[in-house]
Amino acid sequence: MSEHGDKGHIVPYATLVIVWAALLTLTILTVAVSRIDLGILNIWAALGIACSKSVLVISFFMHMKYENRLFKLFLMIALITLATFIGFTFFDVMYR
Amino acid sequence: MSDTLIQGYFKSKGTSNVNPALITTQDAVDPVFWFILGISGVILLAITATMIWFVIRYRRSRCPEPTSQCDSNLTLEVIWIVVPTIIVLAMFYYGWAGYLALRQVPPGAMEITATARMWSWDFEYANGRHSDRLYVPVGRPVKVRLFSKDVLHAFFVPAFRIKRDTVPGMENYIWFVADEQGSYDIFCAEYCGVGHADMHTTVEAVPPAEFEEWLAGMSGSQNTEKGRSLLARYGCLGCHSLDGSKLVGPSFKGLGGRQVTIIADGEERVITSDRDYIRRSLIAPGAAVVKGYPPVMPSYAGQIPGPEVEEMIDYLLRIGQPVKNGESAESEAGLDGADLARRQGCLGCHSLDGSRKVGPSFKGLFGRERRLAGGRTLIADEAYLTRAIREPTADVVEGYPPVMPPYPQLRAEEVEAIIEWLEGLRE
Amino acid sequence: MNQTTSSPLQRGFWEATGGRRGIGAWIFSTDHKRIGLLYFYSTLLFFCVGALLGLALRLELFSPGADFFTPQQYNALFTLHGVVMIFLFIIPGIPAAFGNLVMPIQIGAEDVAFPRLNLLSWWLYAIGAILALTSLFTAGGAPDTGWTFYVPFSVRTTTNVSLATVAVFIIGFSGILTGLNFLVTIHRMRAPGMTWWRIPLFTWSLYATAWVQVLATPVLGITVLLIFAERIVGSGLFDPTRGGDPIMYQHLFWIYSHPAVYIMILPGMGVITDIIPVFARKPVFGYKAIAISSLAIAGAGSVVWAHHMTTSGMSDTAVLVFSLLTFLVAIPSAVKVFNWVATLYKGSISLDPPLLFALSFIFLFSIGGLTGLVLGAAATDVHVHDTYFVVGHFHFVMFGGTGFAYIAAMHYWLPKIYGRMYNRKAAVWGWALMTFGFIVLYMSMMIVGMEGMPRRYYDYLPKFTFWNQLSTIGSWILACGLIVIFVNIFRGLFRGKPAGDNPWGGASLEWQTSSPPPLENFDYEPEVTHGPYDFKRGCP
Amino acid sequence: MSETTHAEHPKDYSGAKLGMWLFLFTEVLLFGGLFILYAVYLQRYPEGFKLGGDQLNVWFGGGNTLVLLTSSLSVAMAITALQRGRVRQAANLVGVTVIMALWFLVNKFFEWSAKIHHGIYPSSGHLKEMPGGEQVFFNIYYLTTGLHGIHVLVGMFVMTWVLILIRKGKVNPDDYVTLENAGLYWHLVDLIWIFIFPLYYLIL
Ligand code: HEA
Ligand code: HEA
Ligand code: CUA
Ligand SMILES: [Cu+2]
């Protein structure tokens, strides 16, 4: 990788603003959804929306979309680790 | 069977001698131990032997150059991945099966509730009786429900290979069956503070008939015993001694009428301990802390019924005071001291032939001059012996560790019977 | 540390003080070798402190009853012994000391990726250590919770636990930064030709370790912060009277602390893997298998934490799952052991001190690991949990494993760093005493544990006396061995004969540069053309 | 510190960013511990959590969400601006971010004060009288938002520092990895809030 070659992709303002608008929309959506009683689904809907917002932030604001595979791999490792930490704790609390 | 793990291995394997069909917790655990340790031993030996052999066979003085540059072999590597996998899966399976047996209480088990607190145990039986040793009938499975009043403790009986934490705010359980009469150690296995190592008590496995008798008996009478058992039940004796020795808190000995230096609102004051003071100490221990002690006593406000509080205070005011007459009317009950001594496990530590075991021999003990740790000497008379049995740590014989457990559960006439029997062992 | 100025051999990075003088040339240096030595001496210091505390524990346990210490003092002693050994010695021990010293050289880099961050790591470590020591002498007295800080006791006790948790937090942070630094270094700083499959296995093990450090240590951070919050602001998250659950604390604690045991052992395994082929003059057997097994241990080791909680009252399903997973971690460890032994086959074996320690490692670690299987099986763990059997197990793996690897690394790499050699015969004597004393010391613990003696007891029943006394005697033998070792090695390093650039005939890069190495490790840009264990082409 | 030895070596951009990302993972896992507790206690006390969530003010939470999202936008734009050589604009955008951070903290301050005023804070007598589930909810709420607040505060200082560097020309269109890394940190603070908001404010 040469000095300036990997200095990164320039993300245009327009893209950033569109992402921001999408984030705001999703925020409103999540508030709206929380007002409807879906039982257990409420929490999953909230998490689902929060995850999509994160994907947007990570991909565009944090430039992950333009980084090489290594960065994406690292991110997956970290997220999987967190998920197993949370998930495996439930082998205890769910069945106690 | 209820031996330590290692003794158990060398004894011929036989199931319970009371009921041959009974599975004990030891039966569930011991084979797993020997399975895993056996395989491990073989593997360890093989690896070590191979290693040493290679080192000797291929030492540089004999092989100045390596005779092979081989750096991998797929077959070998697959073998030593697959074989260990099979081995560990087998170990896992046995371990799990044994664990399941520990978790499945046999039908018809007797329920007992154990409550741990800093730093003592309290056991409650179906009829409401309490004790600080765990009495169980031989041959009958027992389910112990485990609770904690403060921090984590763990109920551990090595003889039955069982252990489980007591967790505040949560109920745990454990089961076991004593297949042989005897006394088995109960340890606290979860660290719980200064008194952790002293949270030792025993399982007393007695014949069913005797158990029933014990369970039914003694619950009403004897005021003194009641007071003492209340102290044990509410955990006071975990922090306060009855014999003048200093534990976490001041000793109860001679508490009534004593001059106490307290620190209240940052000021030091000397007061005389009386009924009111003791009651306040129980309800708001933080308000006036005895000088030289940490303010760790929990408040018992609302936890002890009023009459019991008064009974405890009665007892506290009485102990350490000169013994009043008229309480020893009921001796001569025709009890066999020798039998009692054996049953209570005295002979595990004391010999009858003059030889030294963990404790001093009983032979010729009565009436002899005793030298205590600290240099005091006295004559082994009835009063001394009673104390030695009731509160063994009060006077520790020189040259012996202070390890004799107290025997609060012995009835007064039983103690008397034992002492009578000891008297007969004079030269 | 400046005694060496008088030495005629003074060369290499020792001379490059960066314009600073005295202690400043060390504690402000960003050279990875100097930082490595800082770590080496600090971890060694804490090892000695911890070891003396261990000696004190054994002294108290020589006979039943409270002999030398009050119960409270004993509790503070083992807490301190555990905290010092775990957080100040064994976790930073090999990665931060020897990793810093040789890893960049092994991959042909001139330093780590973030030299200043590296220095910051050491500073955080030092600050944490000072705080930990301060907690002994202030306010409520030395912490008495054990190194596990279990609630509710750790929240109730009036001793100085709060400060200790802050110290642990800071030390944890230091470990995170080291791990992060190593990951980036290994990814970005390899010399031309240093492909992934040419990286020496010590560096591979550091790579796996670094991942665990980065991903598991933060959980420790939040765990100790929670204790802190619990004590200071009364956030009753673990308090059952306020809806909390004390068992959740144990989950959080072990989510870090089990992976931490692999932070401790993996670098040790790496040291052994680098030593054995050199002294057998033969390529390591199963290079890829060993590299991958390091990653496998790191990965699988992160999901077995609740095997420390079998009797805690957690669900039986969890016991099942975690027991099964625990057994699976044993497999990659087994692969390593077999590969080490196979490497010796048909070699040309020279029994120099580093190899002797490596062989002891294999033997002692195997015992420790195999007893880990007894602990991993649910039924047997119920009996031995929180007894001296566990104490025996972890001393075998931590001291017999990592501790011996640390000493092996000292004998293997310090001549490189100092350019001088110690006396071989004295090292062999020290090794023999240590290994023998070690077995007497800790085997006795395992036996008395199986008999049912619980841990963290200042006092025990008389029936346990024999094994305890034997154990204490073992600790004295071990102490003699350690003293011989240390005296010998430091005499050698400061006054011994010149060691030469490649005293053992190693083929990895650290042996290709001079002893001691120059400031940026190589006088030329290294080109890597062969593997680290290619002795035919690699050595003269 | 090591100017003499290392100045002549070119900066490794990918390396620096890799390091920053790894650091962010540790932050994620630090909060992860709290999220583990959240998940477990939510499963145990769904009712208590609903009651607790009801008492939090969606307007405060929602408002702060907007503030943080917008501040994220401004940092992202600052990077673009700097890449395009518009130094002034970049500095202004970073300035906006700092102001947003401050705004967030002020909001948080008012929100906490209101709660504390109502006697709801860890170890308050009022809280201790509530049922277990609600107590746990508020305790974990305070810890999580408190820890997050500290991160916002740190982020604010980092951004101010970067602003100074831009002004001084130390961070410039040819060398802006410091801004990128500071931006990454700031986005992380935002990301965590993206989860805190629905989990605490919208549990109804
Ligand atoms: C360096 C540190 C280290 C290492 C490497 C290990 C390795 C292992 N540990 Fe250990 N452990 C500790 C440090 C360590 N441990 C500590 C500090 C504690 C106590 C904490 C406390 O409570 O204070 C503890 C406690 C502990 C417990 C909890 C005990 C209890 O409190 O009840 C358990 C239970 O499963 C366990 C299991 C294992 C296993 C299965 C391994 C495995 O990884 C071992 C794998 C190795 C081998 C298996 C041997 C080598 C292989 C062969 C010889 C080949 C043949 C093998 C087969 C066929 C399988 N350990
Ligand atoms: C790397 C880790 C490590 C190491 C090396 C050791 C080493 C030793 N430990 Fe360790 N130990 C732990 C980690 C370690 N320990 C942990 C984590 C615990 C659990 C704590 C808890 O329960 O919370 C524990 C608990 C523990 C206990 C149990 C306490 C209890 O439960 O009540 C005991 C008891 O005997 C003990 C003894 C020893 C001994 C005798 C040594 C010996 O090997 C020490 C050998 C060293 C010497 C004999 C001294 C040698 C002399 C020198 C080095 C020269 C000194 C120098 C100068 C200053 C000039 N340890
Ligand atoms: Cu009770 Cu330990
Ligand atoms: Cu473990």
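Note: hydrogens, waters and symmetry copies are ignored here, and every other heavy atom, side chains too, is used.
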| Given C/T241 and D/K128, is the side-chain contact (heavy atoms from CB on, under 4.5 Å) satisfied, shown in steps? | CA-CA 9 Å; C/T241 61; D/K128 278 185 180 155; over 6 Å; no

| Who wins among C/D245, C/T217, C/T223 for the most heavy-atom pairs under 4.5 Å with chain D? |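 Highest number of pairs under 4.5 Å: C/D245.
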
| Can you tell which of C/V219, C/L215, C/T185 has the highest number of heavy-atom pairs within less than 4.5 Å of chain D? |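 Most heavy-atom pairs within the cutoff with chain D belong to C/L215.
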
Heavy-atom distance under 4.5 Å to chain D: side chain of [X], backbone, both or neither?
{"X": "C/I255", "value": "side chain"}
{"X": "C/A113", "value": "neither"}
{"X": "C/F114", "value": "side chain"}

What's the separation between atom [atom1] in [X] and atom [atom2] in [Y], rounded to the nearest 0.5 Å?
{"X": "D/L30", "Y": "C/F173", "atom1": "CG", "atom2": "CZ", "answer": "9.0 Å"}
{"X": "C/L180", "Y": "D/F25", "atom1": "CG", "atom2": "CZ", "answer": "10.0 Å"}
{"X": "D/L18", "Y": "C/R188", "atom1": "CG", "atom2": "CZ", "answer": "7.5 Å"}
{"X": "D/L34", "Y": "C/L226", "atom1": "CG", "atom2": "CG", "answer": "5.5 Å"}
{"X": "C/I222", "Y": "D/F35", "atom1": "CD1", "atom2": "CZ", "answer": "10.0 Å"}

| Pairwise side-chain contact, D/L37 with C/M248, heavy-atom cut-off 4.5 Å (strictly under) |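 In short, these two side chains touch, coming nearer than 4.5 Å.
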
| Any side-chain heavy atom of C/I176 within less than 4.5 Å of one from D/L22? |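 No - every pair of side-chain heavy atoms lies 4.5 Å or more apart.
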
| D/W161 CH2: over 12 foreign heavy atoms closer than 6.0 Å |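 No.
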
| query | Taking everything shown except D/W103 itself, do over 12 heavy atoms lie less than 6.0 Å from its CH2? | reply |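 It does not: D/W103 CH2 has 12 such atoms or fewer within range.
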
| task | Run the numbers on C/R242 and D/N139 for side-chain contact (heavy atoms from CB on, under 4.5 Å), then give the verdict. | result | CA-CA 10 Å; C/R242 307 187 56 196; D/N139 281 322; 3.7 Å; yes

At a 4.5 Å cut-off on heavy atoms, which part of [X] comes close to chain C: side chain, backbone, both, or neither?
{"X": "D/V136", "answer": "both"}
{"X": "D/L143", "answer": "side chain"}
{"X": "D/F23", "answer": "both"}

| request: Please determine, among D/G146, D/G32, D/G132, the option with the most heavy-atom pairs under 4.5 Å with chain C. | output: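 Option with the top pair count is D/G132.
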
| field | Pick from D/Y121, D/F138, D/Y45 with the largest number of heavy-atom pairs that fall under 4.5 Å of chain C | value |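 Highest number of heavy-atom pairs under 4.5 Å: D/Y45.
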
| Where the side chain of D/Y41 meets the backbone of C/L237, is there a donor-acceptor pair that is under 3.5 Å apart? |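 Present.
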
| Closest contact, heavy atoms only, D/P122 versus C/V233 |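 Looks like CB-O, 3.4 Å.
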
